[in-house]
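For the numbers below, each heavy atom of this structure counts, side chains included, while hydrogens, waters and symmetry mates do not.
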There are 2 protein chains.
Amino acid sequence: MSETTDTRRGRPGYDQRAVLDVAVDAFNEYGYDATSMGVLAERLGLSKSAIYHHFAAKEDILELALDEALTALENVLAAANELEAGQPDAPASDRLAAVLRGAVNVLVDKLPSVTLLLRVRGNTDVERRALARRRAFDRAVASLVVEARDEGSLRSDIEPGIVARLLFGMINSIVEWYRPGGPVDAATLADDVLAVALDGLRTPK
Amino acid sequence: MSETTDTRRGRPGYDQRAVLDVAVDAFNEYGYDATSMGVLAERLGLSKSAIYHHFAAKEDILELALDEALTALENVLAAANELEAGQPDAPASDRLAAVLRGAVNVLVDKLPSVTLLLRVRGNTDVERRALARRRAFDRAVASLVVEARDEGSLRSDIEPGIVARLLFGMINSIVEWYRPGGPVDAATLADDVLAVALDGLRTPK
DNA sequence: GTCTATATTGAGATAGAC
DNA sequence: GTCTATCTCAATATAGAC
């Protein structure tokens with residue numbers, strides 16, 4: 001323990017990470033555009049100008065948060081692809097399940113930044129770049145769904161594009177209600193999502 | 001045909017409905033807060049002040065749109081309850097299915113206003129009132145899920161609260177990608193949603 | 001129903017001291 | 001790393017003519 005158990009160093013005042021966390025929470029509560037630097041300053045107990053010591057612009061805060069969320073999601077895909085490299089004959093449905101479980105874990109683990117990501121509209125360059133990365137992720141998942149259906153693991157009576165969208169619609173909606181420390185833990189949640197997605201809600205006969 | 005086949009009357013200029021439709025589309029594209037009256041005026045080909053002839057304030061546009069979406073959703077619940085009054089011994093799962101199908105239809109039918117509703121954060125009184133009505137709707141659906149599970153129609157190994165949230169997360173996500181006139185029609189979409197929700201994605205064995 | 005001003009507020013951001 | 005001013009611009013909304 002070379003420093004302290006705290007994540008901050010230096011002593012008084014904030015570091016960039018601490019400002020980021022407070023800001024992202026506020027962005028998620030009010031929406032990015034509706035959150036003024038004034039409100040941020042209030043929440044931090046700082047003046048507005050102090051924030052500019054940590055970030056050159058409001059949008060830089062957004063950019064850092066979005067990058068964190070996107071990197072985490074992209075890592076889930078990368079991990080699933082390594083799984084394929086290790087076992088070339090494993091069914092695509094295994095990789096798909098790994099991606100879904102991984103995505104739920106990222107949602108829970110990086111809840112604030114992923115929540116922010118899912119609400120981006122594309123009004124600025126920063127937002128459009130984030131949307132492009134998100135679409136690439138979505139496309140990769142969609143082709144996993146196609147693979148799984150083609151090998152016979154998933155039902156073929158519904159268009160795979162719709163399946164992928166409904167699937168991720170369900171998963172992404174978790175950010176609307178899941179709160180860490182609540183009654184549901186991440187592993188149970190991932191199990192429930194997989195169960196509902198694969199087997200549905202009807203009573204197993 | 002007493003007037004014209006057009007929905008507008010009066011002749012030149014806009015009526016409130018036409019302004020509303022253009023505004024809601026812009027709100028959904030940029031987000032409500034990020035949409036200025038100036039952009040609205042540009043899209044309408046009007047001056048900013050002309051808009052104030054139709055709505056006293058920007059937020060009044062939002063309020064009218066949210067009310068439209070909420071009324072349509074509440075009518076779905078009311079219709080399902082009348083179904084119960086007519087056939088008191090019908091299973092709750094029938095009413096639940098009616099509500100889900102009805103909700104998908106409302107989403108498709110009133111796509112712009114429902115999209116707007118689903119993105120409201122609660123920053124103002126207007127938004128908070130809308131959120132309260134939406135939560136009442138969600139609670140009603142959640143208790144339908146409980147009823148359906150208690151009568152044995154739905155699996156009981158997952159908490160009904162989570163089931164209801166995942167279910168509506170999937171349905172609500174439709175607004176993120178569904179576009180009228182596209183390859184998928186509303187009835188097919190409702191069928192697909194019900195099929196995925198009830199029976200899951202796995203290949204039926 | 002629409003226009004051209006204009007009033008007024010609040011936003012993001014900067015300067016420069018401590 | 002934070003502060004007190006202050007700049008600048010864009011936003012909502014109003015006044016009053018056509």
Side-chain angles (χ1 to χ4, degrees), chain A residues 3-4 6-27 29-66 116 120-121 123-127, chain B residues 3-4 6-24 26-66 116 120-121 123-127:
Chain A
E3 281 266 346
T4 73
D6 199 59
T7 53
R8 303 213 298 270
R9 298 165 316 178
R11 207 52 26 78
Y14 290 88
D15 63 2
Q16 201 187 50
R17 179 79 229 177
V19 172
L20 179 70
D21 289 340
V22 172
V24 170
D25 281 346
F27 291 163
E29 199 170 325
Y30 308 117
Y32 172 75
D33 291 295
T35 307
S36 68
M37 295 298 270
V39 168
L40 248 49
E42 253 180 58
R43 288 203 170 199
L44 288 160
L46 288 181
S47 65
K48 284 194 290 177
S49 61
I51 301 175
Y52 287 92
H53 177 79
H54 301 282
F55 290 94
K58 185 188 179 188
E59 203 171 22
D60 290 355
I61 310 178
L62 180 66
E63 187 167 25
L64 189 56
L66 296 179
L116 199 53
V120 155
R121 305 300 312 154
N123 291 329
T124 63
D125 274 345
V126 165
E127 297 191 8
Chain B
E3 280 267 346
T4 72
D6 200 58
T7 53
R8 302 213 298 269
R9 299 165 318 180
R11 209 49 27 78
Y14 289 89
D15 63 2
Q16 201 187 52
R17 179 79 228 176
V19 172
L20 178 70
D21 289 340
V22 172
V24 170
F27 291 164
N28 283 329
E29 199 169 324
Y30 308 117
Y32 172 74
D33 291 295
T35 306
S36 70
M37 296 297 271
V39 168
L40 249 49
E42 253 180 58
R43 288 202 169 198
L44 288 160
L46 288 180
S47 65
K48 285 191 288 176
S49 61
I51 300 175
Y52 286 92
H53 177 79
H54 302 283
F55 290 94
K58 184 188 177 188
E59 202 170 22
D60 290 355
I61 310 178
L62 180 67
E63 188 167 24
L64 189 56
L66 295 179
L116 199 52
V120 155
R121 303 302 313 155
N123 290 329
T124 64
D125 275 344
V126 165
E127 298 191 7

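Dashed line: the shortest gap from a side-chain N or O of H53(A) to OP1 or OP2 of dC3(D) is not under 4.0 Å.
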*Using the side-chain contact (heavy atoms from CB on, under 4.5 Å) rule, take L40(B) and M37(B) through it: C-alpha gap first, then chi angles, then the decisive distance, then the call.*
CA-CA 5 Å; L40(B) 249 49; M37(B) 296 297 271; 4.1 Å; yes
*Report the C-alpha separation of Y30(B) and D33(A) in whole Å, then their side-chain angles, then the decisive distance to 0.1 Å, and conclude whether the side-chain contact (heavy atoms from CB on, under 4.5 Å) test is met.*
CA-CA 10 Å; Y30(B) 308 117; D33(A) 291 295; over 6 Å; no
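Listed by chain and residue number, nothing satisfies the salt bridge (charged side-chain N to carboxylate O under 4.0 Å, His left out) test with E42(A) (two or more places apart in sequence, or in another chain).
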*Starting at the 5' end of nucleotides 11-18 of chain D, put B wherever the base has a protein heavy atom under 4.0 Å, S where only the sugar-phosphate does, and a dash everywhere else.*
SBBBB---
Which atom pairs, donor and acceptor, lie under 3.5 Å between side-chain atoms of residues 46-53 of chain A and protein residues at least two apart or in another chain?
{"from": "S47(A)", "atom 1": "OG", "to": "S49(A)", "atom 2": "OG", "distance (Å)": "3.3"}
{"from": "S47(A)", "atom 1": "OG", "to": "A50(A)", "atom 2": "N", "distance (Å)": "3.4"}

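What separates CG of L46(A) from P of dA5(D) is a distance of 17 Å, to the nearest Å. Atom pair D15(B):CG and dG1(C):P shows a separation of 8 Å (rounding to whole Å applied). Atom CD1 in I51(A) sits about 13 Å away from atom P in dT4(D), given to the nearest Å. As rounded to whole Å, 15 Å separates atom P of dT14(C) from atom CZ of F55(A). Rounded to whole angstrom, the span from the CG atom of L40(A) across to the P atom of dG12(C) amounts to 9 Å. Atoms CD (Q16(A)) and P (dT2(D)) sit 13 Å apart, rounded to a whole Å.
A donor-acceptor pair is defined here as one N or O able to donate and one able to accept, closer than 3.5 Å; no such pair exists between the side chain of Y32(B) and the backbone of L62(B).
Of all non-hydrogen atoms in T35(B) and K58(B), the two that sit nearest each other are O-NZ, 2.8 Å.
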